[in-house]
Structure formats: C-alpha cells, structure tokens
Amino acid sequence: MIRVAAQPFDYELAPGRTALVVIDMQRDFVEPGGFGASLGNDVTRLHGAVQPIATLLAAWRARGWPVLHTRECHRPDLSDCPPAKRERGQPSLRIGDLGPMGRVLIAGEPGADIIPALAPAAGEWVIDKPGKGMFWATGLHERLQAAGVTHLLFTGVTTEVCVQTSMREANDRGYSCLIVEDATESYFPEFKRAALAMIVAQGAIIGWSAPSAAVMSSLPAIS
Ligand code: C5J
C-alpha cells in the first residue's frame with residue numbers, strides 16, 4: 001500500500017486497485033451556455049480543478065491504473081429524467097432544451113461531452129449517469145468489483161453535488177475513498193469547504209481528503 005498524507009489521517013492507496021474518478025467535467029457544467037450557466041452560476045469558478053485533474057490523469061495513465069469518467073446526462077427521449085428533476089427551479093434552459101451547445105444534458109450532444117483538456121483516453125471507462133450519484137442506474141458497482149477496484153480517488157465537479165453524492169454512495173458500498181482537494185470545485189466556495197469538512201469529520205466518516213501534491217509525491221516511480 002502507498003501512504004498518502006491526508007485529512008483526517010494518512011490514507012492507504014492500493015496501487016492498481018485505486019481508480020481515479022473524474023466526475024462530470026462536461027462542457028455543460030464548465031463552459032458558458034450550458035446547464036450550470038443556465039442555473040445562474042459563474043462557470044469560471046470551476047476552472048481551477050482542470051490542471052490538477054490533468055496532472056493526476058497523466059500519473060494514472062503512466063502507471064496503467066484504472067481511470068473512470070462520468071457524465072451527467074439523459075436519453076434524448078428523457079425517459080430517464082424524472083419530471084421532478086426537469087421541472088426543478090427556474091433555469092433559463094431546462095434539461096432537454098436546445099441551447100448553444102445542443103440539447104442541455106442530453107447524451108451525444110456537444111454540451112454533454114467532457115471538456116477537451118480532460119478528454120478520456122482509449123480504454124478508460126466513461127459512465128453516463130442520470131442522477132447525481134455515479135452508482136444510481138449505472139451498474140457501476142458490479143463493474144468495479146469485477147475489475148478488482150477497492151479504492152477510489154474523487155475529482156471533478158461539483159464538490160457538494162455530484163462528487164459528494166458519488167463519494168457517499170461509494171463509501172456505503174465499501175470503497176475506501178479520498179477526495180482530491182484542489183481537483184474538485186464548486187460554484188460556491190463555502191459549499192466546497194463545508195463538503196470537504198463533512199467528508200473527513202468523525203474519523204473519515206465518508207473518507208479522506210488531500211491536495212493533489214500529496215497524492216503525486218506519494219506515488220512510486222514509473223518502472
Ligand atoms: C450538478 C453536478 N451540480 N455534476 N451536477 O447539477 O454536480
């Protein structure tokens with residue numbers, strides 16, 4: 001095991017059995033004109049996570065360790081989008097409406113794509129999820145078990161919505177989880193701070209947190 005300096009105490013990372021999870025780094029959340037912006041958010045607040053994620057992706061790829069990307073999106077007929085989700089709030093564009101990047105949060109549309117800077121490489125998993133959590137209606141747990149993955153490193157957006165929901169789901173399924181502090185972002189800095197604090201409280205009740213520099217400095221040299 002590899003020891004990573006983390007909160008609330010050191011995290012043990014299992015080489016080759018720890019998947020790097022990149023949650024929803026999609027144009028619809030990160031770029032102007034998408035779902036995030038339609039809800040009134042300043043999308044530039046998410047941009048700080050891009051470089052740390054790219055650094056971690058390069059490290060995982062160099063070692064041949066598993067990488068998993070998620071995309072929050074729905075079928076074109078919206079059959080997997082509960083009306084309660086679509087009708088929520090007063091966005092300028094609802095899920096399925098036509099916006100500058102195609103239909104909002106619809107699989108196959110330009111807005112649902114992962115941003116080019118973090119594009120999945122061949123062989124990496126890309127999971128389309130209709131919910132905030134990555135285990136809901138995706139069959140992911142069975143796939144991770146079959147692949148022997150026991151540990152998950154969480155990155156992506158937004159910290160307190162899809163990242164935290166996925167990490168809580170993972171914790172309940174028995175994975176040892178760490179969230180990478182500078183590789184996740186929120187439209188609301190105070191929510192990010194609160195989410196990180198909740199995760200590590202009570203002796204890592206949901207999991208651990210650490211900066212990407214601590215993860216990177218703990219990794220073994222590439223052989
Ligand atoms: C949201 C997400 N914020 N990926 N989705 O609706 O966090």
Side-chain angles (χ1 to χ4, degrees), residues 20-50 52-53 67-75 78 80-97 99 101-115 117-120 125-138 140 152-171 177 179-196 198-199 206-207 209:
L20 179 65
V21 179
V22 184
I23 299 280
D24 299 358
M25 289 301 292
Q26 297 163 253
R27 298 183 65 198
D28 261 328
F29 292 109
V30 177
E31 293 185 9
F35 185 60
S38 83
L39 294 167
N41 296 306
D42 172 5
V43 295
T44 64
R45 289 190 184 274
L46 306 187
H47 295 178
V50 174
I53 296 173
V67 173
L68 152 57
H69 306 258
T70 69
R71 299 185 292 207
E72 180 178 350
C73 58
H74 295 275
R75 297 189 191 122
L78 295 177
D80 60 353
C81 182
K85 180 177 182 183
R86 186 162 192 273
E87 288 157 16
R88 189 80 44 86
Q90 294 187 314
S92 55
L93 289 169
R94 291 191 188 278
I95 295 169
D97 287 351
M101 293 188 285
R103 292 181 68 204
V104 171
L105 284 195
I106 298 297
E109 298 286 337
D113 271 354
I114 292 168
I115 59 169
L118 303 176
W125 298 8
V126 181
I127 305 294
D128 285 348
K129 60 180 182 56
K132 304 304 183 195
M134 68 182 189
F135 290 93
W136 164 246
T138 61
L140 178 59
L152 300 171
L153 237 66
F154 281 91
T155 69
V157 297
T158 60
T159 314
E160 78 283 7
V161 185
C162 289
V163 179
Q164 184 175 207
T165 304
S166 297
M167 191 166 172
R168 287 173 180 268
E169 287 183 334
N171 184 53
C177 301
I179 184 167
V180 186
E181 294 159 8
D182 52 330
T184 180
E185 273 306 338
S186 168
Y187 301 119
F188 306 93
E190 67 276 26
F191 290 173
K192 174 180 173 178
R193 275 194 298 278
L196 293 176
M198 284 179 219
I199 284 166
I206 305 299
S209 82

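Sequence positions, counted from 1, serve as the residue numbers for this chain. Everything numeric in this text was worked out from a predicted model, so none of it was measured. In each ligand, atom 1 is the first atom listed, and ligand 1 is the first ligand listed.
- For the atom pair T184 OG1 and I53 CD1, the distance stands at 7.5 Å (nearest 0.5 Å).
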Subject >> Worked verdict on E169 versus K129 for salt bridge (Lys or Arg N to Asp or Glu O under 4.0 Å) >> reply: CA-CA 13 Å; E169 287 183 334; K129 60 180 182 56; over 6 Å; no
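- Here is the list of ligand 1 atoms found below 4.0 Å of a heavy atom in C162: 2 (C), 4 (N), 5 (N), 7 (O).
- Listed by atom number, the atoms of ligand 1 under 4.0 Å from V157 heavy atoms are 2 (C), 4 (N), 7 (O).
- Not one N or O of K129 is nearer than 3.5 Å to an N or O of ligand 1, by distance alone.
- The number of heavy atoms from other shown groups lying within 6.0 Å of CD (Q90) does not exceed 12.
- The protein heavy atom nearest to atom 1 (C) of ligand 1 is F29 CE2, 3.6 Å.
- Here the side chain of H69 pairs no donor or acceptor atom with the backbone of V22 at under 3.5 angstrom.
- Contact annotation for D24 and ligand 1: only side-chain heavy atoms (C-beta onward) come within less than 4.0 Å of the ligand.
- The nearest protein atom to atom 3 (N) of ligand 1, hydrogens excluded, is given as T158 OG1, 3.5 Å; this is a heavy-atom distance.
- Residue contacts with ligand 1 for V163 are absent, since no atom lies close enough (heavy atoms, distance under 4.0 Å).
- Salt-bridge annotation for R45 and E185: absent, with no side-chain N of the basic residue lying under 4.0 Å from a carboxylate O of the acidic one.
- In terms of polar-atom proximity, defined here as any N/O pair under 3.5 Å, I23 makes no such contact with ligand 1.
- Salt-bridge annotation for R86 and D97: present, with a side-chain N of the basic residue lying under 4.0 Å from a carboxylate O of the acidic one.
- For the atom pair CG (D128) and CD (E72), the distance works out to 10.5 Å, reported to the nearest 0.5 Å.
- Listed by number with element, the atoms of ligand 1 under 4.0 Å from a non-hydrogen atom of K132 are 1 (C), 6 (O).
- No donor-acceptor pair closer than 3.5 Å links the side chain of S209 to the backbone N or O of I179.
- Atoms of ligand 1 lying under 4.0 Å from any heavy atom of V161, numbered from 1 in the order shown and given with element: 1 (C), 3 (N), 7 (O).
- Between the choices R71, E72, Q26, the shortest heavy-atom distance to atom 5 (N) of ligand 1 belongs to E72.
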